[in-house]
Visitor: 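The structure's right below; bear with me while I get my questions together.
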Number of protein chains: 2
Amino acid sequence: MNKRSSLDQPLYNTVRSLILLKLRNGEWKPGDKIPTEPELAKLFSVSVGTVRKAVEDLVSEQVLIRRARIGTTVSTHEKYNQFSTFFNFSNRFDSEMLIEPKLLSFKKILANKEIGKSLGVKGGEALFVIDNLRLIDGKPTMFDRIWLPQRKFTQLTQNEFENRKGSIYSLYQSQFMMTIVRINEQVEAIQAPEFVRLELGLKKTDPVLKISRYAYTYGDEVVEYRNRYVNTSISLYQNEIGLRE
Amino acid sequence: MNKRSSLDQPLYNTVRSLILLKLRNGEWKPGDKIPTEPELAKLFSVSVGTVRKAVEDLVSEQVLIRRARIGTTVSTHEKYNQFSTFFNFSNRFDSEMLIEPKLLSFKKILANKEIGKSLGVKGGEALFVIDNLRLIDGKPTMFDRIWLPQRKFTQLTQNEFENRKGSIYSLYQSQFMMTIVRINEQVEAIQAPEFVRLELGLKKTDPVLKISRYAYTYGDEVVEYRNRYVNTSISLYQNEIGLRE
DNA sequence: GAGTGGTCTAGACCACTAG
DNA sequence: TAGTGGTCTAGACCACTCC
């Protein structure tokens with residue numbers, strides 16, 4: 001392939017899409033080593049430079065991991081990898097935090113109109129609702145209420161959720177082939193609702209951070225919706241934008 | 001330059017630093033067109049490909065703007081450019097917002113220990129403290145208290161601040177050669193302090209979002225510290241992380 | 001028509017890992 | 001020692017802008 005016709009998208013975007021397709025299909029699975037760059041170039045009939053551009057983009061999007069002299073692998077949600085990017089909290093002393101999860105409840109419900117809209121499912125469809133508490137350095141700090149479409153997580157059990165190894169997104173990935181690749185959050189300050197107050201040990205007028213998060217897998221498909229309530233006198237939400245020199 | 005000695009940093013990082021140096025020195029100013037890629041290649045004695053890599057990095061960091069067939073220019077904080085990246089608020093309907101600033105007070109003070117530490121200056125050094133309100137769609141929504149080291153903003157007057165064209169960062173840039181290239185924020189939920197309550201029209205127990213922001217220029221130098229208080233029943237803080245397909 | 005950044009190719013050497 | 005991604009070069013054509 002020596003040229004491209006005008007009005008086409010760049011060739012490396014096509015290559016990028018082809019790689020994403022293989023990931024979506026499960027042809028290359030999380031943790032797998034994908035073919036080397038010369039192999040990919042041959043496979044897609046483009047030059048190595050073009051493959052490299054496509055892979056670079058996917059690396060910067062944290063879908064792939066490139067390691068010199070070892071190879072390129074598909075990202076997983078296992079501990080210690082870059083998917084902790086999705087957890088941007090720190091304590092007030094910039095020190096390490098001990099985080100312990102505690103499952104509060106695990107139920108099946110039918111979607112009402114509002115939640116259905118958030119998850120892109122019809123009202124009346126079956127959902128899981130999971131209440132999950134996190135203790136930071138021993139103190140109950142973060143309350144998560146998570147909604148999942150049952151259709152995408154068939155056979156998920158309370159036991160499986162509670163006794164997962166690693167993060168929640170790691171569970172989605174290893175058991176349901178659902179890799180979370182993007183999140184979108186809206187942050188606001190509210191007075192803690194009662195069900196949160198009780199768990200976090202707060203008074204009626206105490207403010208909490210409320211984070212409404214949509215989590216997406218490949219193809220911009222919403223997989224999870226969650227409301228997170230945080231006692232920010234213990235743990236702060238961090239954000240950084242711009243140049244790092 | 002055909003090879004690089006081992007243990008060196010990559011050549012394109014060197015080129016990137018050389019470009020940043022010219023920006024820091026003011027040799028290329030915000031809004032300027034910088035030399036073309038072949039010219040840069042000649043200037044730094046590297047190949048065009050290496051220059052392109054360095055420029056690509058600076059573009060993704062929003063320091064430079066590349067436009068095909070026109071040239072590469074230095075970012076400015078003017079309206080409508082990408083530095084609105086630093087303003088991640090939306091209203092609750094995802095519609096356009098009308099934002100009007102209103103200066104509340106403009107004072108000179110001496111740094112106490114705490115603020116001094118935040119700004120990297122000694123206690124007792126002269127600072128500006130500026131209280132600035134923002135009305136969104138006519139409603140007072142956002143209260144900013146801004147600290148600036150007077151040393152870096154000599155001759156800044158209330159009149160100049162109040163009658164600036166464009167954003168505050170645009171003022172820093174055009175009048176003081178201070179380009180903000182990175183911000184770091186800590187977000188928490190608190191009960192509005194009285195001076196905020198009065199301006200935002202809130203009750204004593206109403207929660208607000210508090211955002212503590214450090215703003216940096218080239219060389220990782222803190223230029224501004226501000227505390228922002230937001231009534232999130234009007235305007236939400238947005239954040240997005242990960243893959244965009 | 002000259003010049004620009006956008007895209008793409010082809011091929012080189014490097015440092016290091018794995019076997 | 002073979003193979004990998006990391007880096008770097010040289011040069012090509014493209015679509016479009018500006019003069």
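All of these numbers come straight from a predicted model, not from anything done at the bench. Naming convention: chains lettered A, B, ... in sequence-line order (proteins, then strands); numbering from 1 in each chain.
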Visitor: Using the closest heavy atom to pick a nucleotide of DNA chain C for each, name whichever of B/Glu39 or B/Arg52 lands nearer the 5' end.
Guide: B/Glu39
Visitor: Using the side-chain heavy atoms of B/Ile70, tell me which of these nucleotides is nearest: C/dT17, D/dA15, D/dC18.
Guide: D/dC18
Visitor: Which nucleotide sits closest to the side chain of A/Ser47: C/dG5, C/dA10, C/dA15?
Guide: C/dA10
Visitor: For DNA chain C, what is the dot-bracket line, given that a base pair needs Watson-Crick (N1 to N3, plus N6-O4 or O6-N4) or G-U wobble (N1-O2 and O6-N3) geometry with both distances under 3.5 Å, and | means paired with another strand?
Guide: ||||||||||||||||||.
Visitor: Measure CD1/A/Ile65 against P/D/dG6 and give the value in whole Å, please.
Guide: 12 Å
Visitor: Quick one: which of D/dC8, D/dT17, D/dG5 gets closest to the side chain of A/Thr36?
Guide: D/dG5
Visitor: Please pick, from D/dG5, D/dC8, D/dT17, the nucleotide with the shortest atom-to-atom distance to any side-chain atom of A/Arg66.
Guide: D/dG5
Visitor: Separation of A/Leu40 atom CG from D/dT4 atom P, in whole Å?
Guide: 11 Å
Visitor: What's the closest nucleotide to the B/Thr50 side chain, out of D/dT9, D/dT4, C/dG5?
Guide: D/dT9
Visitor: Measure from the side-chain heavy atoms of B/Arg69 and tell me the nearest of C/dT17, D/dA15, D/dC8.
Guide: D/dA15
Visitor: My understanding is that only residues two or more places apart in sequence, or in another chain, count here; which of them pass salt bridge (Lys or Arg N to Asp or Glu O under 4.0 Å) with A/Arg134?
Guide: A/Asp144
Visitor: When you measure from the centre of the six-membered ring of B/Tyr12, is the NZ or CZ of B/Arg16 under 6.0 Å away and within 45° of the axis?
Guide: no
Visitor: From C-beta outward on B/Thr72, which listed nucleotide comes closest to its side chain: C/dC8, D/dG5, C/dG5?
Guide: C/dG5
Visitor: What is the separation between atom CZ on B/Arg67 and atom C1' on C/dT4, rounded to the nearest whole Å?
Guide: 12 Å
Visitor: If we ignore hydrogens and angles and just use 3.5 Å, is the side chain of B/Ser212 paired with the main-chain N or O of B/Asn227 as donor and acceptor?
Guide: no
Visitor: Is any side-chain N or O of A/Tyr12 closer than 4.0 Å to OP1 or OP2 of C/dT7?
Guide: yes
Visitor: What is the distance, rounded to the nearest whole Å, between atom NZ of B/Lys42 and atom C1' of D/dT9?
Guide: 16 Å
Visitor: In Å and rounded to the nearest 0.5 Å, what is the CG to CZ distance from A/Leu119 to A/Arg151?
Guide: 9.5 Å
Visitor: Over how many whole Å does the gap from B/Glu37 atom CD to D/dG11 atom P extend?
Guide: 17 Å
Visitor: Send over the distance from A/Arg16 CZ to C/dT7 P, rounded to a whole Å.
Guide: 14 Å
Visitor: Could you tell me the separation between the CG atom of B/Leu11 and the C1' atom of C/dA12, rounded to a whole number of Å?
Guide: 15 Å
Visitor: Please walk me through it: do A/Arg182 and A/Glu61 pass salt bridge (charged side-chain N to carboxylate O under 4.0 Å, His left out)?
Guide: CA-CA 9 Å; A/Arg182 180 168 68 92; A/Glu61 292 164 329; over 6 Å; no
Visitor: Should the pair A/Arg145 and A/Phe143 be classed as cation-pi, given the thresholds of under 6.0 Å to the six-membered ring centre and 45° from the axis?
Guide: no
Visitor: Checking A/Thr217 side chain against A/Thr179 main chain: does a donor-acceptor pair fall under 3.5 Å?
Guide: yes
Visitor: When the distance from CD of B/Glu56 to P of D/dC8 is rounded to whole Å, what number comes out?
Guide: 14 Å
